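Read through the structure below, which is laid out as structure tokens, and then see the notes.
Computed over heavy atoms, backbone and side chain alike; hydrogens, waters and symmetry mates excluded. Every chain is numbered from 1 and lettered A, B, ... according to where its sequence line falls, protein lines coming before strand lines. Remember, it's a predicted structure, so these values are computed and weren't measured experimentally.
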2 protein chains.
Amino acid sequence: MKLPEAKAQFIQAWGSLGAQWSINRTMAQVHALLLITPGPLSADEIMAELNISRGNTNMNVRELINWGLVGKVLIPGERKEFFVAEKDIWKVVSLITRERKKRELDPILKVLHQLAEVEGDNKDKNVKAFRESIEGINKFAKSADTALTALIKSEENWFYGTLLKMLK
Amino acid sequence: MKLPEAKAQFIQAWGSLGAQWSINRTMAQVHALLLITPGPLSADEIMAELNISRGNTNMNVRELINWGLVGKVLIPGERKEFFVAEKDIWKVVSLITRERKKRELDPILKVLHQLAEVEGDNKDKNVKAFRESIEGINKFAKSADTALTALIKSEENWFYGTLLKMLK
DNA sequence: TTGAACTTTCAAAATATTGTGAAAGATGGA
DNA sequence: TCCATCTTTCACAATATTTTGAAAGTTCAA
């Protein structure tokens with residue numbers, strides 16, 4: 001396989017992956033393009049490469065910057081802004097995990113905390129079942145929170161070394 | 001908060017969570033309803049409770065059964081089918097993880113494997129950068145695969161005990 | 001074998017999400 | 001200040017996903 005085809009396939013695959021997460025397809029494609037491009041790219045180059053509009057490019061690049069996955073680069077003598085992606089995959093995963101935890105886990109933890117205080121008597125089997133469900137889910141969610149927080153803070157080597165050896 | 005309101009809030013919250021995953025909102029709501037209901041429910045009861053159509057109910061219940069999250073129950077003397085959800089949250093998470101790994105991680109692993117064999121000379125800095133990106137991502141993806149496979153197979157106690165203690 | 005009770009399917013409608021591009025808003029050099 | 005260049009916004013258009021409900025399919029007791 002030649003490089004241009006390989007690039008296209010990677011962009012496509014990363015895009016599908018993104019689409020299944022809360023990241024939208026184009027955002028993931030822009031990210032993919034920047035990931036495999038060594039130097040910085042301008043908005044125009046991204047537009048041309050992915051065949052998307054200026055507005056779309058702008059919005060998705062901005063969102064990638066919000067996630068911390070992409071940074072602006074100023075090139076002396078150029079008016080345009082250029083963009084580069086964080087290339088270290090461990091950092092990339094860590095940033096994505098942090099963002100998704102904030103959007104997904106944190107809100108449900110809040111709701112679960114409130115729901116634990118539902119009124120009613122445990123003699124009512126519906127109340128009892130509800131309490132037990134919430135309790136179980138809450139216990140798990142708190143553990144997941146601990147685990148993810150640790151993972152986000154941890155070092156690459158800890159993951160590839162310690163944890164992985166334990167799991168294998 | 002009274003039970004009916006708490007139920008509604010939980011269904012709502014679980015639905016939003018599902019929507020951010022590849023699970024659709026209604027599927028997650030049906031799941032939530034079954035999770036907090038101690039006994040089995042019929043399609044009609046689900047329809048009534050969530051205000052959704054018969055077709056929608058059928059499709060989503062069927063999908064939940066495919067995921068292994070919900071089972072059919074036959075009640076003697078009744079023609080109707082009834083449904084119950086797996087209540088053990090550890091099993092629930094394990095089933096969801098298995099399904100998502102199959103849909104998301106496995107396909108990208110396949111693509112990465114192919115892309116590792118891109119033609120070209122490392123003297124070309126684009127080829128070099130591409131290879132390095134793919135290599136890094138591939139290494140991580142394989143590790144994630146190992147980690148998730150182990151997690152899916154592992155016992156509840158291992159997660160709440162061993163792993164969590166290590167992370168705290 | 002019939003028909004009532006129930007489940008499944010699927011084309012069309014409703015809804016939600018994403019993308020476009022022209023216009024408005026910045027920015028900075030002369 | 002002015003103007004050329006670049007960025008951002010946003011109403012509308014295009015796409016994609018989800019839901020509906022009526023019709024077709026299935027099952028089983030009589």
Side-chain angles (χ1 to χ4, degrees), chain A residues 11-12 14-34 40-67 70-84 99-100 103-104, chain B residues 11-12 14-34 40-67 70-84 99-100 103-104:
Chain A
I11 289 169
Q12 153 71 29
W14 202 248
S16 316
L17 191 66
Q20 291 176 303
W21 294 38
S22 30
I23 299 155
N24 88 43
R25 165 173 262 92
T26 308
M27 179 173 155
Q29 289 182 339
V30 173
H31 185 219
L33 174 62
L34 290 170
L41 291 179
S42 70
D44 287 294
E45 289 169 307
I46 296 171
M47 284 171 65
E49 192 82 33
L50 301 179
N51 253 286
I52 57 176
S53 71
R54 184 170 300 284
N56 199 7
T57 304
N58 182 270
M59 282 169 76
N60 284 299
V61 167
R62 194 150 35 85
E63 191 63 6
L64 285 166
I65 292 173
N66 284 342
W67 283 55
V70 164
K72 283 188 189 179
V73 174
L74 295 173
I75 296 190
E78 290 265 19
R79 279 288 289 279
K80 280 183 192 168
E81 291 176 337
F82 288 77
F83 307 99
V84 274
E99 198 63 29
R100 298 197 68 198
R103 297 178 182 214
E104 297 170 25
Chain B
I11 289 169
Q12 153 71 27
W14 202 248
S16 317
L17 191 65
Q20 290 177 301
W21 294 38
S22 29
I23 298 154
N24 88 42
R25 166 173 260 90
T26 308
M27 178 173 156
Q29 289 182 339
V30 173
H31 185 218
L33 174 61
L34 289 170
L41 291 180
S42 69
D44 287 295
E45 289 168 308
I46 296 170
M47 285 169 64
E49 194 80 33
L50 300 179
N51 254 286
I52 57 175
S53 72
R54 184 171 298 285
N56 201 5
T57 304
N58 182 270
M59 284 170 77
N60 285 299
V61 167
R62 195 149 36 86
E63 191 63 6
L64 285 166
I65 292 173
N66 285 343
W67 284 53
V70 164
K72 283 189 187 178
V73 174
L74 295 174
I75 295 188
E78 289 265 20
R79 281 285 289 280
K80 280 182 193 169
E81 291 175 334
F82 288 78
F83 307 99
V84 274
E99 197 63 28
R100 298 197 68 197
R103 297 177 181 215
E104 296 169 25

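- Between the CD atom of B:Glu63 and the P atom of C:dT9 there is a distance of 12 Å, rounded to whole Å.
- Qualifying side-chain hydrogen bond (donor to acceptor under 3.5 Å, both in side chains) partners for A:Glu63, counting only residues two or more places apart in sequence or in other chains: A:Asn66, A:Trp67, A:Arg103.
- Using a 4.0 Å heavy-atom criterion, one finds that B:Asn24 contacts the sugar-phosphate atoms exclusively.
- Put simply, the residue from B:Thr57, B:Val73, B:Leu33, B:Ile65 that forms a side chain to side chain contact (heavy atoms under 4.5 Å, CB included) with B:Phe83 is B:Ile65.
- Counting to the nearest Å, the C1' atom of C:dT17 and the CZ atom of B:Arg25 are 13 Å from each other.
- Residues from residues 41-49 of chain A placing a heavy atom under 4.0 Å of any atom in DNA chain C do not occur.
- Following rounding to the nearest Å, A:Glu78 (CD) and C:dG28 (P) show an atom-to-atom distance of 15 Å.
- For the 3.5 Å distance criterion, the side chains of A:Ser42 and A:Glu45 qualify, holding a donor opposite an acceptor.
- Where the helix from C:dT1-D:dA30 to C:dA30-D:dT1 starts and where it ends, the local axes point in directions that differ by 10°; five pairs per end, rounded to 10°.
- When distances run from any side-chain atom of A:Thr26 to the nucleotides C:dT9, C:dT18, C:dT8, the shortest one goes to C:dT18.
- Nucleic acid contact class of B:Arg54 (heavy atoms, under 4.0 Å, all strands): base.
- The CG-C1' distance, from A:Asn60 to C:dG19, rounds to 9 Å in whole Å.
- A 4.0 Å heavy-atom criterion places the boundary nucleotides of DNA chain D facing chain A at D:dA4 to D:dC10, written 5' to 3'.
- When the side-chain hydrogen bond (donor to acceptor under 3.5 Å, both in side chains) test is applied to A:Arg54, the partners found at least two apart in sequence or on another chain are A:Asp44.
- The 12-atom threshold is exceeded at CD of B:Gln20, counting heavy atoms of other residues, nucleotides or ligands nearer than 6.0 Å.
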Using a cut-off of under 3.5 Å, enumerate the N/O to N/O pairs linking the protein to nucleotides 3-5 of chain C.
residue : atom : partner : partner atom : Å
C:dA5   : N3   : B:Arg79 : NH2          : 3.2

Next on the checklist: Please determine whether side-chain contact (heavy atoms from CB on, under 4.5 Å) holds for the pair A:Arg25 and A:Ser16, giving the CA-CA distance in whole Å, both sets of side-chain angles, and the decisive distance to 0.1 Å.
Outcome noted: CA-CA 6 Å; A:Arg25 165 173 262 92; A:Ser16 316; 3.9 Å; yes
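- Taking atom CG of A:Asn58 as the reference point, atom C1' of C:dT18 lies 15 Å away to the nearest angstrom.
- For the pair A:Asn56/A:Val30, no side-chain contact is recorded, criterion being any heavy-atom separation below 4.5 Å from C-beta on.
- Using a 4.5 Å heavy-atom threshold, the side chains of A:Phe82 and A:Lys72 count as separate.
- A straight line from CZ of B:Arg62 to C1' of C:dC10 spans 11 Å, rounded to a whole angstrom.
- In this structure, A:Asn56 reaches the bases: a heavy-atom distance under 4.0 Å links it to at least one base atom across the strands shown.
- As rounded to whole Å, 11 Å separates atom P of C:dG19 from atom CG of A:Leu50.
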